[in-house]
Amino acid sequence: MAPPRSFLWSRRIFLTLLTGFVLVPVYVMVSSSLKPLADVSGRFRWLPSGLTIRPYIDIWSTVPLAKYFVNSLIVAGAATVCSVVIAVFAAYAVSRYSFRGKRVFTVTVLSTQMFPGILFLLPLFLIYVNIGNATGIALFGSRGGLILTYLTFSLPFSIWMLIGYFDSVPRDLDEAALVDGCGPLGALFRVVVPAAVPGIVAVAVYAFMTAWGEVLFASVMTDETTRTLAVGLQGYSTLNDVYWNQIMAASLVVSVPVVAGFLLLQRYLVAGLTAGAVK
């Protein structure tokens, strides 16, 4: 039975408004990034009077954007790899084995997501400073300390998500691998992990995006040499002026890795978030 015409028109109107709501900010960013600073600072015009690529050239000299870019890639990449590796082992153990405190561990991992991140800011700051004073290991103001900080947020969710995903992988696959001579680790890497690729990719994308765009902890836990992109964009705003065209250009450049990664992995990401891995 075909839906009524009123429903079709309502759907078209809603989708058109939703598309405009999404694309208008993108258009403002792109058009503003191609305008001279004088045009951006004045009254906004939907049709720019002149276009220039100068903001995309100046963003690298106004602030050390390349250094911030490298810091973000190192921090986000390391946090993603560590989160995925640890989550795979932890989720496999919880999914396949029974041990004392299993339920408590699962509930504890999930309950950490109920608290806002700002509650952990001061405790982590004090812990890092005390560790540095006691051992000489510089966690505060270092990339390593920031990576550990991001693991406290991405790792619990990654474990919880992979537990549910590994539960959907038939245990018969593990048993068949064990019969064929594989050990527990062999069954994990040769059977379970290939079957759970969509879930692992979804966890990796989540961990990377969490670390890539985080501002609160990066603004406190880093210094001038370890500052990331999310904090470094503040450098385009000075006491004398705000370089709006360069801010828009830098924001678009910063978004490229995330957008490119999502477009390349969206097939696995959607499958990992919506479907099981039963083969």
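- Across every non-hydrogen atom of M221 and F125, the tightest pair is CE-N, 3.5 Å.
- Contact record, L151 with P156: O-CD, 3.6 Å, taken as the closest heavy-atom pair.
- If you take CG on L37 and OG on S32, they are separated by 11.0 Å, rounding to the nearest 0.5 Å.
- At distances below 3.5 Å, not a single donor-acceptor pair connects side-chain atoms of S158 with backbone N or O atoms of S83.
- For CZ of R12, the number of neighbouring non-hydrogen atoms (other residues, nucleotides, ligands) closer than 6.0 Å is greater than 12.
- Between L233 and I247 the shortest side-chain heavy-atom distance does not fall below 4.5 Å.
- Looking at every heavy atom in both residues, S95 comes nearest to D167 through OG-OD1, 2.6 Å.
- Aromatic ring centres of W212 and F69 lie closer together than 6.0 Å.
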Please set out all donor-acceptor pairs under 3.5 angstrom arising from side-chain atoms of residues 73-81, sequence neighbours excluded.
{"from": "T80", "atom 1": "OG1", "to": "A76", "atom 2": "O", "distance (Å)": "2.7"}
{"from": "T80", "atom 1": "OG1", "to": "F208", "atom 2": "N", "distance (Å)": "3.3"}

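- Looking only at distances, a side-chain donor or acceptor of S168 sits under 3.5 Å from a matching main-chain atom of Y165.
- For the atom pair CG (L65) and CG (L229), the distance works out to 5.5 Å, reported to the nearest 0.5 Å.
- Residue I118 qualifies as open at atom CD1: its count of foreign heavy atoms under 6.0 Å is 12 or below.
- The list of side-chain hydrogen bond (donor to acceptor under 3.5 Å, both in side chains) pairs with a residue in residues 214-236, not counting sequence neighbours, reads Y68-E224, Y150-E214, D223-T225, D223-T226, E224-R227.
- By the 4.5 Å heavy-atom criterion applied to side chains, V70 and K67 are not counted as neighbours.
- Heavy atoms of other residues, nucleotides or ligands lying less than 6.0 angstrom from CG of L15 number more than 12.
- Counting heavy-atom neighbours within 6.0 Å of M209 CE, excluding the residue itself, gives a total of 12 or less.
- With hydrogens and angles ignored, the 3.5 Å screen pairs no side-chain donor or acceptor of K35 with any backbone N or O of P55.
- Of all non-hydrogen atoms in V192 and R96, the two that sit nearest each other are CG2-NH2, 4.3 Å.
- For the pair L188/F89, a side-chain contact is recorded, criterion being any heavy-atom separation below 4.5 Å from C-beta on.
- By the 6.0 Å contact criterion, CZ on F21 is open, its count of non-hydrogen atoms from other residues, nucleotides or ligands being 12 or less.
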Steps toward side chain to side chain contact (heavy atoms under 4.5 Å, CB included) verdict (I59, V63): CA-CA 7 Å; I59 58 175; V63 300; over 6 Å; no
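- The aromatic rings of F153 and F120 stand perpendicular to each other, their planes meeting at an angle above 60°, with 30° marking the opposite boundary.
- Sparse packing is recorded around CZ of R190, with 12 or fewer heavy atoms of other residues, nucleotides or ligands lying under 6.0 Å away.
- Atoms CD1 and CG, from I131 and L126 in turn, are 11.0 Å apart once rounded to the nearest 0.5 Å.
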